[in-house]
Each structure stands twice: as structure tokens, then as C-alpha cells.
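Please read the structure below before turning to the comments.
Basis for what follows: all heavy atoms, side chains included, without hydrogens, waters or symmetry-related copies. Because the structure is a prediction, the values reported are computed rather than measured.
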Amino acid sequence: MKILAFGKITDILGGTEQDLSGPKTVAELRERLETDHPELKNIRYLMAVDKKTANDQTALSEHSEVALLPPFSGG
């Protein structure tokens with residue numbers, strides 16, 4: 001699956017995009033990302049799967065596109 005990072009999450013992951021395989025749910029992906037990048041545990045972020053806001057039970061496939069969305073404000 002393709003992982004897209006935005007905002008300060010880009011710095012934590014070391015880039016805007018990465019490919020990952022294995023996790024079958026958003027919860028599994030979150031656990032893996034936070035194990036590989038412990039700094040993610042210190043910020044709040046949402047995940048969107050295929051451009052739709054996801055919850056921990058959302059299923060993932062090898063073809064999913066997952067966006068990691070940090071808090072942001074407009075103005």
C-alpha cells in the first residue's frame with residue numbers, strides 16, 4: 001500500500017511517500033508506524049484510506065492509499 005505523509009509527519013517518516021505491506025487494518029498500520037517511528041505517538045493525526053476518513057477497523061489492501069493527516073488550521 002502507499003502511505004502519504006503530510007505536514008510534520010513528513011519529517012517523522014523522512015519523506016512524503018512510502019510503500020508498505022502487511023497491515024490488514026488501520027489499527028495494525030498505526031501500531032506498525034508507531035513502532036517504527038515512536039515520535040508519531042506524541043502527535044494526534046487522522047488516517048484517510050482511499051480519500052475517505054478511516055477508523056481503526058477500516059480494512060486495508062495492498063492497493064490502498066493511506067494518508068496520514070496531522071492537525072492543521074486554516075486562516
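Looking only at side-chain heavy atoms (C-beta outward), Met1 and Ser61 stay at 4.5 Å or farther from each other. Annotation: side chain of Val26 is not in contact with side chain of Asn55 (no heavy-atom distance under 4.5 Å). In this structure, Leu13 and Asp36 have side chains that are not in contact, with every pair of non-hydrogen atoms separated by 4.5 Å or more. Thr53 has its side chain out of reach of Leu69: every pair of non-hydrogen atoms, C-beta onward, lies at least 4.5 Å apart.
Of all the heavy atoms in Asp50 and His63, the pair that sits closest is OD1-O, 4.3 Å. The two residues Thr10 and Ala5 make their nearest non-hydrogen contact at OG1-O, 3.4 Å. In plain terms, the two heavy atoms of Leu40 and Tyr45 that are nearest each other are O-CE2, 3.6 Å. Here the closest non-hydrogen pair linking Ala54 and Val49 is CB-CG2, 3.6 Å. Among all heavy-atom pairs drawn from Gln57 and Thr25, the shortest one is O-CG2, 4.5 Å. Summarising the geometry of Pro71 relative to Arg44, their closest heavy-atom pair is CD-O, 2.8 Å, with the distance given to 0.1 Å.
Applying the salt bridge (charged side-chain N to carboxylate O under 4.0 Å, His left out) rule to pairs touching residues 6-31 yields Lys2-Glu17, Arg30-Asp56, sequence neighbours excluded.
Residues Leu20 and Leu46 fall into different hydrophobic clusters, defined by Ile, Leu, Val, Met, Phe, Trp and Tyr side chains chained together at heavy-atom separations under 4.5 Å. Note on Ile9: it does not cluster hydrophobically with Leu4, by side-chain heavy-atom contacts below 4.5 Å among ILVMFWY residues.
Remark: side-chain polar atoms of Ser64 are not paired, donor with acceptor, to backbone N or O of Val66 under 3.5 angstrom.
Expressed to the nearest 0.5 Å, how far CE of Met47 lies from CG of Leu68 amounts to 5.5 Å. Rounding to the nearest 0.5 Å places CG of Leu33 at 11.5 Å from NZ of Lys41.
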